[in-house]
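Here is the structure we will look at, set down as structure tokens.
Here the structure is a predicted model, which means the values were calculated and not measured. We name chains A, B, ... by the order of the sequence lines, and we start the count at 1 in each one.
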Protein chains: 2
Amino acid sequence: MKSNEIKDAALKYFTMHGYEGATLSQIAEEVGMKKQSIYAHFKGKDDLFLHVLRDAKETELSSKLQYFSEIDSQNPEKDLYGFLQLVIDLFQKNEQIKFWLRMSFFPPAHLAKAIDKEVIDIEEKVQAILESKFQDWIDAKLIVGDTAKMPTLAFLGVVDSILLELVYGNDEERQKYKLEASWSVFWRGIARH
Amino acid sequence: MKSNEIKDAALKYFTMHGYEGATLSQIAEEVGMKKQSIYAHFKGKDDLFLHVLRDAKETELSSKLQYFSEIDSQNPEKDLYGFLQLVIDLFQKNEQIKFWLRMSFFPPAHLAKAIDKEVIDIEEKVQAILESKFQDWIDAKLIVGDTAKMPTLAFLGVVDSILLELVYGNDEERQKYKLEASWSVFWRGIARH
DNA sequence: TCTCACTTTACGAACGTTCGTAAGTTATGA
DNA sequence: TCATAACTTACGAACGTTCGTAAAGTGAGA
């Protein structure tokens, strides 16, 4: 399917150079065609971008939902650390997550609204699941705290900081160490002791 | 000084639209001149960008260094929380920090090397100071831990996650709550108890 | 099985626009 | 008078997009 090849190339260049920095010529050349041919598959640059965005959203969301459906939820330490590992894993082997991250935080101005809607949609879903898990753990006295919202937001913060470190990512040793540091302190911050 | 006005406008557009998305025409118009007049002050787009970058770096660095020189260092809880407040404050009233953040993580490809050098320079300095503070606090048994590196990196992670939330920033209530959540969990994670 | 109409895909050429950049000219102020 | 800074005008290159056209693929009817 040529459309998918185009989307793959577009994903790559949008991720590397941002919306404005990516050109249809580059994308077309990567696929082995002229930029005009892209218009046989997509209405234009915006249309192509939004298709890539929705694919990325689906990947991001389904990966995370799947993770939560698989865990037994009786071991918060394992479950949460596993989620961090999942995020790192996705980031490293899946260009879509990098794309998603970049566009979440620095969207092209004229598409900001459309992007925001998708971002908020995912965010709410993930946060809701996470919050219910934390509530279970609190009720089961596996972690401390009265409301589930606090550890949830703190954990999402850890996820963000790890993602940022991965984006920045020139020192792999530092990445590992920073992940461990953030995780250790976070876990001590919510664990019973 | 017209050069400064140009840099101010450039800062604004580089921050909003990124390097590729910002145009010299827009910048010139903001200042009230033609884009060709910019060349009376700067060699070109790259030159203007690098000037803005260096100004931003200086602001970022001097603000943080000044903070550390002012604190008494005997109260880690107050000192660290104060640093978070400083970062938020800087971010909200100073466009340069937003610019700095965007360019740190998503630099224009052909200037990535130059930008990286500056970013690493600041990062190392801030980390070094922070690490020595943490070491003092550990020695004084004000916080737990054997090595200072772990709480340092974890704290830098908290800073990053807060910055990201500010960049994203459509829900101010959520921002405050997330800051409190990240901070509370972090502090409990390193505090003696 | 062959043909005819239709759709899909690709591309050369060109559109209008904007980009960053340059040279030459005019006004301002020391 | 002599810089300096802003202006006007201009340029090649690249941008996203459109048009017309040609080739390739598809399905139906005879």
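- A side chain to side chain donor-acceptor pair (under 3.5 Å) check over residues 95-109 of chain A, counting only residues at least two apart or in different chains, returns the pairs A:T59-A:Q96.
- Applying the ring-ring contact (aromatic ring centres under 6.0 Å, His included) rule to A:F106 yields the partners B:F106; only residues at least two apart in sequence or on another chain are considered.
- A:K93 has a carboxylate O that lies under 4.0 Å from a charged side-chain N of A:D89, or vice versa, which qualifies the two as a salt bridge.
- Considering only residues two or more places apart in sequence or on other chains, A:E30 meets the salt bridge (Lys or Arg N to Asp or Glu O under 4.0 Å) condition with A:K12.
- Within a 6.0 Å sphere centred on CD of B:E180, heavy atoms belonging to other residues, nucleotides or ligands number more than 12.
- Of the residues near DNA chain D, A:S25 and A:K43, the one whose nearest nucleotide (by heavy atom distance) lies more toward the 5' end is A:S25.
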Could you pull out every donor-acceptor pair under 3.5 Å between side chains of residues 155-162 of chain B and any protein atom, sequence neighbours left out?
| residue | atom | partner | partner atom | Å |
| --- | --- | --- | --- | --- |
| B:D160 | OD2 | A:K178 | NZ | 3.1 |
| B:S161 | OG | B:V158 | O | 2.9 |

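- The separation between A:F42 atom CZ and C:dA10 atom P is 11 Å, rounded to whole Å.
- Within a heavy-atom distance below 4.0 Å of DNA chain D, the residues of residues 28-41 of chain A found are A:K35, A:Q36, A:Y39.
- When all heavy atoms of A:G44 and A:Y39 are compared, the pair lying nearest together is CA-CE2, 3.7 Å.
- Atom CD of B:E77 sits in a crowded spot, with more than 12 heavy atoms from other residues, nucleotides or ligands closer than 6.0 Å.
- On the nucleic acid side, DNA chain D contacts chain A at distances under 4.0 Å to non-hydrogen atoms, with the end points of that region at D:dC15 to D:dT18.
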